[in-house]
Amino acid sequence: MLKKIYALALTAGLTVMMGINAMGAGWQQDATGWWWLNDDGTWPSNSWQWLDGNLDGVAECYYFGADGCMYASTSTPDGYLVNADGAWVVNGVVQTKIVPIQGFYSNDDTYSADSNQYTDWYEYQYEYRDEYQDESQYEYQVPDHTEEKQEADPAEYAYQVYELVNQERAKEGLQPLEWDDGIAECAAVRAEELVEKFSHTRPDGSHCSTILEEYGMDSSGVGENIAYGYRDPEDVMDGWMHSSGHKANILRTNYDRIGVGCYIDNGTCYWVQLFKID
């Protein structure tokens, strides 16, 4: 079944959409066939693209012709085979690669001058970042960082992310966030939970903010950035800073404290930033 992106953003409450094209980036279909809409409103043509349409961290490779339409059940101009879903196949096997994936959530009590009141607003967004999209599909090999990650200290990685957060805030003239050991403990638990369920909903079905309640803290005014597949603190921060929603959480002026968690499973890093308003 062709992987389709069913939504770029899931919203609840009074929602503020940030940088979302009205049509919604991802797979599109019209009278000429299937094509892919990029976040900036452009679309690929005369090219191969690794795409993770359902945001599961696994991308397939598709070829788009001069008109932007996906090839299917045929050979591409450079002699490769694609199946009925358009995915590149070798000996009948769909070729895939792992891509980093990330998501953000924020629950912010924001003051509205127009209505003279505070309003809760919620944002959810999931996306992936293809750091290898310039590579030819037949040259690609999934990098294996298992050995180097066995030497990594998750707690040290987490604190390095915290330091990078305040470096980014300093560039914008913002006050640094205070490291909170309790919130960091919560973030570490959340990072491990992402292995089972990559979502702002926890494996038991509760919301991500409930982790703070379990540790005796108030769960209002909370933001969360999550990611996996990024190699190290610099890599994940680069990914977050190239996403408007994640960057907004990192640079939000009314957050006061932060805790960061990192969990490493079979060489894959799972990352969580938890932000809190005092």
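The basis for the numbers below is simple: all heavy atoms, side chains too, and nothing from hydrogens, waters or symmetry mates.
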Would a 4.5 Å heavy-atom cut-off, applied to side chains only, mark [X] and [Y] as touching?
{"X": "V165", "Y": "Y255", "answer": "no"}
{"X": "L164", "Y": "Q167", "answer": "yes"}
{"X": "Y80", "Y": "V90", "answer": "no"}
{"X": "D85", "Y": "E60", "answer": "no"}

Closest heavy-atom pair and its distance - [X], [Y]:
{"X": "L274", "Y": "V222", "answer": "CD2-CG1, 4.3 Å"}
{"X": "I183", "Y": "G259", "answer": "CG2-N, 3.4 Å"}
{"X": "P154", "Y": "C262", "answer": "CB-O, 3.2 Å"}
{"X": "M241", "Y": "E168", "answer": "CE-OE1, 3.5 Å"}
{"X": "L194", "Y": "S199", "answer": "CD2-O, 3.8 Å"}
{"X": "H242", "Y": "D238", "answer": "ND1-O, 2.7 Å"}

Is there a donor-acceptor pair closer than 3.5 Å between any side-chain N or O of [X] and the backbone N or O of [Y]?
{"X": "R169", "Y": "R252", "answer": "yes"}
{"X": "Q95", "Y": "V93", "answer": "yes"}
{"X": "N83", "Y": "G86", "answer": "yes"}
{"X": "D204", "Y": "S206", "answer": "yes"}
{"X": "D256", "Y": "D278", "answer": "yes"}
{"X": "N166", "Y": "P176", "answer": "no"}

Item checked: Donor + acceptor pair across side chains of T268, N266 (<3.5 Å) ->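 T268 vs N266: no donor-acceptor pair found between side chains.
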
Margin query: Is a donor from one side chain sitting under 3.5 angstrom from an acceptor on the other, for Q160 and E156?
Written below: yes

Notebook entry, point to check: Stepwise, does the side-chain contact (heavy atoms from CB on, under 4.5 Å) test hold for Q273 with M237?
Noted result: CA-CA 10 Å; Q273 293 174 327; M237 276 296 295; 3.6 Å; yes

Notebook entry, point to check: What residues form a ring-ring contact (aromatic ring centres under 6.0 Å, His included) with Y63, not counting sequence neighbours?
Noted result: W48, Y71

Note to self: Out of the candidates D181, D218, D180, only one should pair with R257 under the salt bridge (charged side-chain N to carboxylate O under 4.0 Å, His left out) rule; please name it.
What the structure shows: D180

Check: Can you get from V189 to M217 by hopping between Ile, Leu, Val, Met, Phe, Trp and Tyr side chains that sit under 4.5 Å apart?
Finding: yes

Note to self: Is there a path of hydrophobic side-chain contacts, each under 4.5 Å between heavy atoms of I/L/V/M/F/W/Y residues, joining W34 to V89?
What the structure shows: no

Check: Does D67 have any salt bridge (Lys or Arg N to Asp or Glu O under 4.0 Å) partners at least two apart in sequence or in another chain, and if so, which?
Finding: none

May I ask you to decide if the ring planes of [X] and [Y] are parallel, tilted or perpendicular, using 30° and 60° as cut-offs?
{"X": "W27", "Y": "W36", "answer": "perpendicular"}
{"X": "W88", "Y": "W50", "answer": "perpendicular"}
{"X": "Y157", "Y": "W271", "answer": "parallel"}

Notebook entry, point to check: Are E214 and R202 ion-paired here, with the side-chain N under 4.0 Å from a carboxylate O?
Noted result: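 Salt bridge present between E214 and R202.
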
Item checked: Flag if over 12 foreign heavy atoms under 6.0 Å of CH2, W179 ->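 Enclosed: over 12 neighbouring heavy atoms sit under 6.0 Å from CH2 of W179.
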
